[in-house]
Amino acid sequence: MDHSSIPCSDWNEHHVSSWLKAIGIKPEHIEKLEKEEVTGPVLRHVSKSYLKELGFGGGQIQLLLCKRDELFAPDKSKTINKRPCFDGEGREDAKHEAVSSSDVTSPETSVSSPQCRYRKFNNNDEHFSYIKHAILPPETGIDNLITPCHEYKSLENACKLEPRKLKIKFASEVIRFACACMNMRANGTIHFGVMDKTKTSYKHGEIIGIPIEDKEVFEDALDYIENCFPTQHSDARQCIKTPKFIPVIDKDCQTQNWIVEVDVVPMVNIVRDKLYSARIPKFNEKTNKVEYEQKAYYQRVGPNTPRITEDELVRFIQALKDVDQKREWEENNQNQIQAHFKEDLGRKLLVLLTHGKKYIDNTLRYIMVSNRFDQENLQNTKFLAHMNIFCVFDYDPDSKLSGLCHNYQEHHAVNLHFLHDYDHRGNTADFVKKLQLYDRTSWIFCNGRSDYMGRESPCDEKTWIKNKKKLLKRAVSVICNEILPKRSFVVLFILTSDVEQPLVDTFHEFYAEMSGHEDIVIISESRDNYKKWSSLAQVSCSMDVLEQISIAGMPMSHVDATVQSIQLTSLQATRRLPVSNNGVCFLKPVDEDSMISLEVVRVDQCDETNVHVMEQEQIQKIEQYFYQGGKIDWMNLWLADRNRCGQVIKRDAYAEINKMLEDLERADSLKRSIENINIYHEPGSGGSTVARQILWNWRKKMRCAVVKQSYQASTVCEHAVQLWNYEEVDKNVCLPVLLLLEDCNTDYQDDLRRELSNAVTTMKISPSKLCFIILCCKRSLDPERMCKTLPLRTVGVTHKLSSEEKKLFSKKAESLKFEPEFILTFVLMSKEFEQSYVTDFVENLLKEIDHSSLQTQLIKFVALLNSHIEDSYMSVSHCEAFLGLGIHMDKCLTWADEVRYRTFENFLSEQARFFFIQLKSSETHISSVRIIHYLIAKEILKQLSSYQSQSEIAMSLLKDNVLFDNRFGRDDFRKFVRDLFIKRTKKSKGDPKNSWFSPLIEHICETEDLEKAIDLLKVACTRFEDAFVAQQLARLLYENKRFVEAEIWAKKAKSRPPQHTYILDTLGQVYKKWFYDKYEDIRKKDSIEPNNVTDIIDTALKGINAFRESEKCPHTDSVNNSYFGEVDIGCRLLDLLSSVDIFSTKVGKRKLLDYLLTNYIPEEVQKPWQMFHGLLKGLKNSIRKALECICEDLARFQNYSSEEEEELVEGEPDKVNNPRKWLFRKSSVYARFFSIDNEPDEAVDTKTVSLFRRQMKIFELGGGNVTTILYLLSDKKKHSAGARLEEIISLFPADLNKDLDQTELINFIFCQIALSCASPGSRKLLSIEKLQDLCKPFHIERRTPFPETAYFLLSLLFWPEDSMSSVPSQASIKICTKAIKHLHSDVKSAATGKGRIFTHFFLGKESGLKKIVHKTTIEKFCKGTLSERRLRWQGGEVWTNSDIVQLLKRVAGYTEDGNLFIRISDHNIRVIPLFSASLPSSNENVTFYLGFSLHGVVAFDIEVAK
């Protein structure tokens, strides 16, 4: 993995391993570090002792640490403000010169030696500590008399002395320093254990510490004061404070070192008018006694403590009076400053929580880290209920029972997790969806749960570090590096009880993963708690920085009130919904949170907003965002209702939909319990605004919600039903629920409708009671055409304005106070998106643009995506990475002011600010940008084409490693770019045409050059290593007759995952097109010899073989397209063979048939076709087998293409649209070829025609399989279908039992049943008893089952005519039940779930064969468009048609344990429910219409028996 292309702070374990390998670390050590999850931020803090524990040798440790320090050292050659060039690799490198805070250090210090601050002077802070190797400021002289001066003594050697000598050494240094401070009237501190030399390997001021066995040695040293100050010892005792012992934190060492500090405080009331001399003690080695130097006066001169010379003494004494006055003045002044200084904690708290804004809204997410809350503090956490909390790291095991979690759950639903839940290794999107991270607050119990019955019990600190610290590290890393982008969240530590190490470890982890302290806030009510916290936390972060981000000593009640005062939403215990009695009910926030798949629009939506907090500037931004092209927010409509902003224009479509809803609301108009209303709108025409205006204005009459389509339809249904009957007493009078579906696919809409229908049936609601209205809002480039599919329930919204709309837009334009450029989308709508206006606008903005700048290139990239891919965007994170804006400076660095972080918005050029609109995901709140309108995007590309073509822009985009390596929003970005090359337009989705390739590829082919399109796809294949992209390239090549290359790329596509039938099918299509091309060329010749077609036959057979491989692929739920390809090639190959000279005559055809059907091989083809004889002779059977497979699938399943299949844009565009018609036609072609032609006057006699000729003739007429036989019934002229069926029946022999094999017998009986449906009075018809008699062979039990069609026949013919009567014979019932049991054993659940079982026949009220009613008979009563007819079937409306009610028979059954049965005599027959027919949840007697399919019997329109 390339570690050099991304910042060290963003490295994962694999990047670190790559770097370790590059510097020469041994593989076994690299493997250890990868197992320990050493990422970039962790690498920064790896220590020598840690590496030793892992088994590293000394040399390997030295190499790794030296190279690590070089890696993280500052590079002065990097100039952050350098403007990146645009061309080549230099631009890539330039972009990476933007470094994160983790890569930036002060020029004066190294990464391993952080700056440190002093202990607070003359303060006994028991929690204060120093960090080993941290650097204290240089020793100082006297600045003012109150600010202490400092002197360092390492005691590096002295600390090894015996106690007596150490005591004297310590005393001598203290006495000298104290005497000087008292004479100077200056405060001072002398530090022992801090380096005072510069000639060693240590730095001046570096904290080393000294080992102390007995603190009394240092305390007793001050007993020398009496001897050192013989006459002034009382003053000295008062000024010299007792030693303070400060622990030194060293993670690499087990022994404890200390810093010893002595403060000197010469208060003026003690030292006034006095000059102090001291006798410094020394140890005499000879006498082994303590001696004292001569009395001397000392002073501070800079950082030194020299004696006062005799020459200086008089002048020094004369100056004492002035110094005493100065000391007195400074003491008094200091007291006043301390009395009056009070930190503005309220303002500090708000700035830290809001990133400097004046209010808290949902733009930032919060991660909370807390320990145990007492009951008093729990009452002061109301502010948390209206913070956008992403997750909570909770160290209180009782939190769920009686702590913060329990409190929070009174307001919001949460997901309860443990640290191990975040040990994520797979796809991030799947992980986020699994844990519902963006839907609810995640509550992570970091030290177990006391109420949990599983294996997550609380543990002590040591056990936690051993077992859970690694999981904490992983959880923090996943959240910071894979889920939430930087600057999008704040980590909030709330310390309400005693601080323990795991809480501090959490701080260390966040500090490391976030590359610094920015966006971390600490709140501690207790100052003592904070002192302990800061002492432990300074391992990662200096004390100065900790103070900047901490709120210490502020009561939680004050925190609560302060934060609530700037929250946009106030705490509202309940919300309101409309109810059926025209009143309202309360909706608890927890209940609303439980409906996570819905965004509920309440009666009092937005009423909790604190308008007084929201400034006019914010209101203007909300309004401007909407008129600039952003999606309308409920806040827009709420503010408009309160006249805080302008009213939102209602387009004419609003009135149309409103009228539809009013009609549906009237009881006399209801027909279905679930209704659909569709809105098709041109992008930017205001369709989605109309939909949301409808929800807003109907929220008091109906219950309204927006569906989140990331959830399955079953989940949405569950929550929709919960919303529908919430707080209602009588379910039969509940208000309807209006559900908004935005840009969903048809399958999802159908699934949701089916789930809702099932739920309504289960609850025994009247079918005529309106329960749900699905308002489906979809983009379309041709809305008016889409309206025709369901004209009564569809509204189109176009760019064209009516005369009334023009007046409204004109008036609105005058009232808006924004510059036209900032509300461009509104201006464009006012101008009806007139092309000349769009052209002029873009032209004016592009006049002064810098074509070489990165910003211009970014505009091109986004324009390319937006003009071709619907709903595409680029995350702001990607934009910042591309522009090189990823610079975050640590506030504690004194030189950081020189390089300010420039936000994305501030950095953009004027043109970019006009073109871009910044979006925010409603779920993740991750920012992204797009061009304000796709027409603007298209115009930008058009006008810039002279500078850079679309192929060149796309190529630059594909080659940009910075964009592809950027972590946040990576999946969406890759999908959008991939879609540029594979996603085609489709009429069914509202596009103006069906394209053969993606719009980008088609544009390049048409306006630029085919070669550029091919080159682009080749690079895309390399970038994505994707089978579908390679397949598109193969298709492009074979469509342009470059078959050799196409074969190569089709094989590459086949070798790449996924192994999908559409991919495998492509190689067959290559050979098919190649074969067709060669076939057309050879046909132009007058004479075709066997040698001429050898290569062509080889290509055809390769194609057949490729299609057969695809047929084996299991990943398909419908008819495999490869069967069609195999038949197409096979039939064309037969035609080719018959064109070869030796086979082209009538005699030649007989010769060809002998060659294909027998062992005979003509001499002329013996040698040329020697490689193909076996394959060609098997051609007849292979084609027939493929036709039978197609027939079987078409007989089992509905053949309408699902939206899911259309989304597989990689499939063939020329996929067979009417497969039953195709099958009928190809069967005829196949049969004609293998039939021996008769003379025109030759009569067809079943007695004389051979078995083979008879079979082929039947096949040719459509009687060769069940599907083609039943297809004949689709002929609207029933007499034509009847005549054809009579002709087929006449070809069968008289002795049916003797002369027919089982397949022919099945086909004959089906012909009889079909003839009964088409022409009930035909003389060719046999009685049902006769047909039952013919079925006797299928009654026999055998090990190898009969074909499904045989069991299907038995279920049809032997079904009792009166299911509740005992008249039917037991034998017949047994035959029927066994047959249905065989059919049920092969039910394909996937198809069943989608309602795609093909029901051929229904049970009618008449007897005999007339009881069998074909589906076409039912369909002729369903009028309207295809969409309307389909909706009637799915909604159950078809069963209310009086003609159908008169025709079909309702049968009685019962439900048991979620299954449906019919009881006939002593036999229970299971029935499959289809469409809206759902089972009651209880055991009930029911009635329904019965259908017959190859899956068994099915039920429609189930009703509970009255």
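Please read these numbers as outputs of a predicted model, since none were measured by experiment. Note that the numbering runs from 1 along the sequence shown for the chain.
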Exercise. Have D1141 and S1087 got a donor and an acceptor in their side chains that come within less than 3.5 Å?
Worked result: yes
Exercise. Can you say whether the rings of F1352 and F1401 are parallel (under 30°), tilted (30 to 60°) or perpendicular (over 60°)?
Worked result: tilted
For this session: List the steps and the verdict of side-chain contact (heavy atoms from CB on, under 4.5 Å) for L1152 and F1233.
Result: CA-CA 10 Å; L1152 176 59; F1233 180 85; 3.5 Å; yes
Exercise. Does any N or O in the side chain of T1377 come within less than 3.5 Å of the main-chain N or O of I1373, such that one atom is a donor and the other an acceptor?
Worked result: yes
Exercise. K1073 side chain to G1068 main-chain N or O, any donor-acceptor pair under 3.5 Å?
Worked result: no
For this session: Kindly indicate, with the supporting measurements, whether the criterion side chain to side chain donor-acceptor pair (under 3.5 Å) is fulfilled by K1078 and T1099.
Result: CA-CA 9 Å; K1078 292 176 179 179; T1099 303; 2.8 Å; yes
Exercise. Is the H1339 ring parallel, tilted or perpendicular to the F1358 ring (thresholds 30°, 60°)?
Worked result: perpendicular
Exercise. Side-chain donor-acceptor pair under 3.5 Å between T1268 and R1220, yes or no?
Worked result: no
Exercise. Relative to the ring of F1500, is the ring of F1402 parallel (under 30°), tilted (30 to 60°) or perpendicular (over 60°)?
Worked result: tilted
For this session: Go through the structure and list residues passing side chain to side chain contact (heavy atoms under 4.5 Å, CB included) with D1081, not counting sequence neighbours.
Result: D1077, K1084
Problem set entry | Partner set under salt bridge (Lys or Arg N to Asp or Glu O under 4.0 Å) for K1151, not counting sequence neighbours | E1164
Problem set entry | Side-chain heavy atoms of L1334 within contact of L1296, under 4.5 Å | yes
Problem set entry | Working for side chain to side chain donor-acceptor pair (under 3.5 Å), residues D1065 and S1110 | CA-CA 5 Å; D1065 181 76; S1110 175; 4.5 Å; no
For this session: Before accepting this row, confirm whether a basic side-chain N of the pair K1420/D1443 lies closer than 4.0 Å to the acidic partner's carboxylate O.
Result: no
For this session: Evaluate the criterion side-chain contact (heavy atoms from CB on, under 4.5 Å) for residue pair L1273 and L1270; output intermediate values, then yes/no.
Result: CA-CA 5 Å; L1273 294 176; L1270 297 181; 4.3 Å; yes
Using a 3.5 Å cut-off and no angle test, enumerate the donor-acceptor pairs between side-chain atoms of residues 1282-1289 and protein atoms at least two apart in sequence or in another chain.
| from | atom 1 | to | atom 2 | distance (Å) |
| --- | --- | --- | --- | --- |
| R1284 | NH1 | L1261 | O | 2.9 |
| E1286 | OE2 | S1322 | OG | 2.4 |

Exercise. Are the charged groups of E1406 and K1449 less than 4.0 angstrom apart, N to O?
Worked result: no
Exercise. Hey, are the side chains of Q1370 and H1467 touching, using non-hydrogen atoms and a 4.5 Å cut-off?
Worked result: yes
Exercise. Residues two or more places apart in sequence or in another chain: which of them pass salt bridge (Lys or Arg N to Asp or Glu O under 4.0 Å) with K1336?
Worked result: D1333
Problem set entry | P1337 to F1346 - nearest heavy-atom pair and separation | O-CZ, 3.2 Å
For this session: Could you list the residues that satisfy ring pair (Phe, Tyr, Trp, His ring centres under 6.0 Å) with H1173, not counting sequence neighbours?
Result: Y1155
Exercise. Would you say I1309 and L1357 make side-chain contact, with heavy atoms under 4.5 Å?
Worked result: yes
For this session: Would you tell me whether T1416 and H1414 have side-chain atoms, one donor and one acceptor, within less than 3.5 Å of each other?
Result: yes
Problem set entry | Validation row: I1375, Y1351 side chains within 4.5 angstrom (heavy atoms) | no
For this session: State which residues pass salt bridge (Lys or Arg N to Asp or Glu O under 4.0 Å) with K1378; sequence neighbours excluded, sorted by chain then number.
Result: E1341
Problem set entry | Trace of the side-chain contact (heavy atoms from CB on, under 4.5 Å) decision for F1308 with Q1312 | CA-CA 6 Å; F1308 174 80; Q1312 286 284 328; 3.6 Å; yes
Exercise. Taking the six-membered ring for Trp, are W1074 and Y1071 parallel (under 30°), tilted (30 to 60°) or perpendicular (over 60°)?
Worked result: parallel
